[in-house]
Each structure stands twice: as C-alpha cells, then as structure tokens.
Amino acid sequence: MTAPPPRFRLFRGDRPLDALAPDDRGLAYGDGLFETMRAHRGDVPWWEAHWARLAQGAARLGLPLPDPARVRAEAGALLAGDEAVLKLVVTRGSGGRGYAPPGDVTPVWLLSRHPLPPAAPEEGIVLRWCRTALALQPALAGMKHCNRLEQVLARREWDEPGSADRDADEGLMCSTEGDVVCATAGNLFALRGGRWHTPPVDRCGVAGVCRAWLVPRTQAVVVRLSPEDVERAEALFVCNAVRGILPVARLGRRRWPPHPAVDALRRALAEAHPGFVL
C-alpha cells in the first residue's frame, strides 16, 4: 500500500523538526505571521506577492525569515503537483516566558497542505453583519499576524442559538468606530456610482494579496465606508487569495442580481491566475 503524502513540514531555521516546542512564541503569544496561498499544479502563481507581504510584516515585527528559496522548494515537494491550499506560518521560535523577545532568533516555520474550498454558488454568496468589531491598531494593521481572535469570535456568531442568517457564507466586520473594514476572511469591494470602492486597512484589517491585485486594475477608490454605503451599493464582492472573487447575492434584506462588472473582473482574474479559471 502506498503511504499517504505528508500534510505538513516543520523547520527551525534549516533544520527539520518533529514537533513544535512548548515555549514557541507563536503558540504562546501569536508572535508570528502567516500566508494562505492557492496552489495550482504544485506551484503558487502569486508566490512573490505573498512573500513580499510576509517580508513587510516581518520587517515591522523585527522577525527574521527563513531562506525563501528553501521555503519554496519545500512547498513544491509538499504540494507534489496538486491543486491545494498551502499555508505558511513563521514564528519567532522559542523564547521562554515573558513578552520581551529574545535577541538571538532562529525562526520556526511550518508548511501545511489543505484541500481547496468548495466553489462559490453561481448566484453569489450570502453575507451577514458581525457584532464583533475590529480594534484600531495601526502598528499591526495590514499584516497577516497570527492573532486572529477577533475573526474567531466573529465566526462563532453563526452558531449562536437563534442567530439570523445561519446559512451565511461570510460576515462583514466593522471597526470599533463603526466603519466597514472587511469580511472575516477577505476584503470587500463595493460598486458605487459606477466606480469600485474598497475600505482602507491602515488602522485594522489585512492588506489582502488579491485586493492588492485588484485595486490598480479596478482603479478602486480606497475610502472608509459605512454600513449604509455598503447596503446601498450597486454590486458587492469579497475577495481573497484562495477563493478569488466571490460575488455577493444577499446581505440582510438586500439582494443583488449578477452584475456584469463583477463577471468581467472574475474573467480577468482567471486570465491572470490559472487557479481561478472559470
């Protein structure tokens, strides 16, 4: 019988590990970063964009990164030519108790492979509003850091007894000041007055790789949006680097039919990234 392919690989610097140390700072404090990427035939078409975001976050945290060539080679071996989701987590490694980071750091990094998510419904996804708000913290804004507790709390709202819109595919999150920031796992674009708008991520939220690809191509206005702005939009979509562009069919009582502008962007994305071929 052929052994199943491995699902993850763990390293400290250049050395493979069998298990994560109990004093790893990523485990203890969320002291790390991650990237979630769509792989196509064993490669990651947006690898450079993901690594650039990782490097920017690492510079802000003072976190050393492993050799990118080694990481990409190990990712290719793990993917083994498959269509999959690839996740890369980099932590500051072991550091003992206490918040002060050690001076001599060897990063720990984990690669894991996961099945692709199901395709979005042809008619579009259903959104709901989340009560959980995103705290304003410009020092961490834009980064894909390992503390995602706000998103965890927001996603739990689906399962509360008597919760409305339990069938929702995604939820929209606002900041503590009330402006719309993003979905729990994606960025938001709203068509208003015939032009695309997307919220900034300078105070909270994640600067998504798919968002970065779309902003110049749509000439989107980066501006704060209220919930009313979003609900009155001519069309909406949510995007991320794993699922691509997800048209929105409903948010609360508001419904949207398929929009040609969203369809055109999905076709453009399919031409640019082979993993998103329609």
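What you see below is based on every heavy atom in this structure, not just the backbone, and it leaves out hydrogens, waters and symmetry mates.
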I want to check something: taking the side chain as every heavy atom from C-beta on, are K144 and H50 in contact at a cut-off of under 4.5 Å? no
Main chain of G275, side chain of E83: is a donor-acceptor contact present, judged purely on distance under 3.5 Å? no
Verify, without hydrogens or angle tests, whether E123 (side chain) and P258 (backbone) share a donor-acceptor contact under 3.5 angstrom. no
Tell me the salt bridge (Lys or Arg N to Asp or Glu O under 4.0 Å) pairs involving residues 84-109, sequence neighbours left out? D31-R92
Pairwise distance SG(C204) to CE(M143) - rounded to 0.5 angstrom: 12.5 Å
For the side chain of R113 and the backbone of L78, is there at least one donor-acceptor N/O pair under 3.5 Å apart? yes
Would you mind checking if E231 and R254 are paired as a salt bridge, meaning a charged N to carboxylate O distance below 4.0 Å? no
Which residues, ordered by chain and number, are linked to V181 in its hydrophobic cluster, where ILVMFWY side chains connect at heavy-atom gaps below 4.5 Å, directly or through other members? L134, M173
Quick check: closest heavy atoms across H273 and P45, and the distance to 0.1 Å? CE1-CG, 3.5 Å
Can you hop from V215 to L269 via hydrophobic side chains spaced under 4.5 Å? yes
Spacing of OG1 belonging to T218 relative to NE2 belonging to H197, to within rounding of 0.5 Å: 10.5 Å
Tell me which donor-acceptor pairs under 3.5 Å the side chains of residues 51-67 have, and how far apart each pair is, sequence neighbours excluded?
| from | atom 1 | to | atom 2 | distance (Å) |
| --- | --- | --- | --- | --- |
| R53 | NE | E35 | OE1 | 3.2 |
| R53 | NE | E35 | OE2 | 3.0 |
| R53 | NH1 | A207 | O | 2.9 |
| R53 | NH2 | E35 | OE1 | 2.6 |
| R60 | NH1 | A141 | O | 3.0 |
| R60 | NH2 | P138 | O | 3.3 |
| R60 | NH2 | A139 | O | 3.0 |
| R60 | NH2 | A141 | O | 3.0 |
| D67 | OD2 | R70 | N | 3.2 |

Positive for side-chain contact (heavy atoms from CB on, under 4.5 Å) with R224, one of S175, P200, P199: P200
What is the distance from atom CG of L265 to atom SG of C239, rounded to the nearest 0.5 Å? 10.0 Å
Measure from the side-chain N and O atoms of R195 to the backbone N and O of Q219, and report whether any donor-acceptor pair falls under 3.5 Å. yes
W158 six-ring centre to R155 NZ/CZ under 6.0 Å and within 45° of normal: yes
Check R25 against G98 and note the closest heavy-atom contact, atom names and distance. NH1-O, 3.2 Å
Any donor-acceptor pair under 3.5 Å from N187 side chain to N240 backbone: no
State the CE-CG distance between M37 and D43, to the nearest 0.5 angstrom. 11.0 Å
Contact between H40 and F276 at the side-chain level, heavy atoms closer than 4.5 Å - yes or no? no
Residues joined to W129 in its hydrophobic cluster, side chain to side chain under 4.5 Å directly or through other members, sorted by chain and number, are I125, L127, L172, V180, L188, V221, V223, L225, V230, L236, V238, L246, V248, L251, W256
Hydrophobic clusters here meaning ILVMFWY residues chained together by side-chain heavy-atom distances under 4.5 Å, can you tell me if Y29 and L27 are in one? no
Value rounded to 0.5 Å, distance of CZ in R72 from CG in L79: 10.5 Å
Are the side chain of R148 and the backbone of H145 linked by a donor-acceptor contact shorter than 3.5 Å? yes
One pair to check against ring pair (Phe, Tyr, Trp, His ring centres under 6.0 Å): F34 and W109. What are the steps and the verdict? CA-CA 9 Å; F34 72 101; W109 49 286; over 10 Å; no
Determine the minimum heavy-atom distance between A241 and V209, stating which atoms define it. CB-CB, 4.3 Å
Donor-acceptor pair, distance only, cut-off 3.5 Å: does the side chain of R156 make one with the backbone of V152? no
Tell me whether E122 at atom CD has more than 12 heavy atoms from other residues, nucleotides or ligands lying less than 6.0 Å away. no
Can any side-chain N or O of R166 pair as donor or acceptor with the backbone N or O of E160 at less than 3.5 Å? yes
With side chains defined as the heavy atoms from C-beta onward, is the minimum distance between F8 and L110 less than 4.5 Å? yes
Taking it one step at a time, do R192 and D229 satisfy side chain to side chain contact (heavy atoms under 4.5 Å, CB included)? CA-CA 8 Å; R192 304 179 65 238; D229 291 334; 3.3 Å; yes
Looking at residues at least two apart in the chain, or sitting in another chain, which of them share a side-chain contact (heavy atoms from CB on, under 4.5 Å) with A21? D23, S94
Which atom names give the shortest non-hydrogen contact between D18 and L10, and what distance separates them? C-CD2, 4.4 Å
Is there a side chain to side chain contact (heavy atoms under 4.5 Å, CB included) between F11 and E74? Walk through the geometry before answering. CA-CA 10 Å; F11 299 84; E74 294 290 347; 3.5 Å; yes
Quick one: are W196 and V262 in side-chain contact, heavy atoms under 4.5 Å? yes
Between R211 and V206, is there a side-chain heavy-atom distance shorter than 4.5 Å? no
Tell me the closest heavy-atom pair linking G178 and P227, and the distance in Å. O-CD, 3.5 Å
Any donor and acceptor pair, going by atom type alone, linking the side chain of E157 with main-chain N or O of T132 inside 3.5 Å? yes
Specify whether W46 and W213 have parallel, tilted or perpendicular ring planes, treating 30° as the upper limit for parallel and 60° as the lower limit for perpendicular. tilted
Quick check for you: to the nearest 0.5 Å, what is the distance between D263 atom CG and I245 atom CD1? 10.0 Å
Using a 4.5 Å cut-off between side-chain heavy atoms of Ile, Leu, Val, Met, Phe, Trp and Tyr, which other residues end up in the same hydrophobic cluster as L116? V85, V242
Atom of A135, atom of E150 and distance for their closest heavy-atom approach: N-OE2, 2.9 Å
Are R250 and D167 within salt-bridge range, i.e. N to O under 4.0 Å? yes
More than 12 heavy atoms from other groups under 6.0 Å of CZ on R232: no
Does the side chain of R203 reach to within under 4.5 Å of the side chain of D179, using non-hydrogen atoms? yes
Is there a side-chain contact between L86 and W47 in this structure, where contact means two heavy atoms from C-beta onward sitting under 4.5 Å apart? yes
Please check if the side chain of D24 supplies one atom and the backbone of G26 the other of a donor-acceptor pair under 3.5 Å. yes
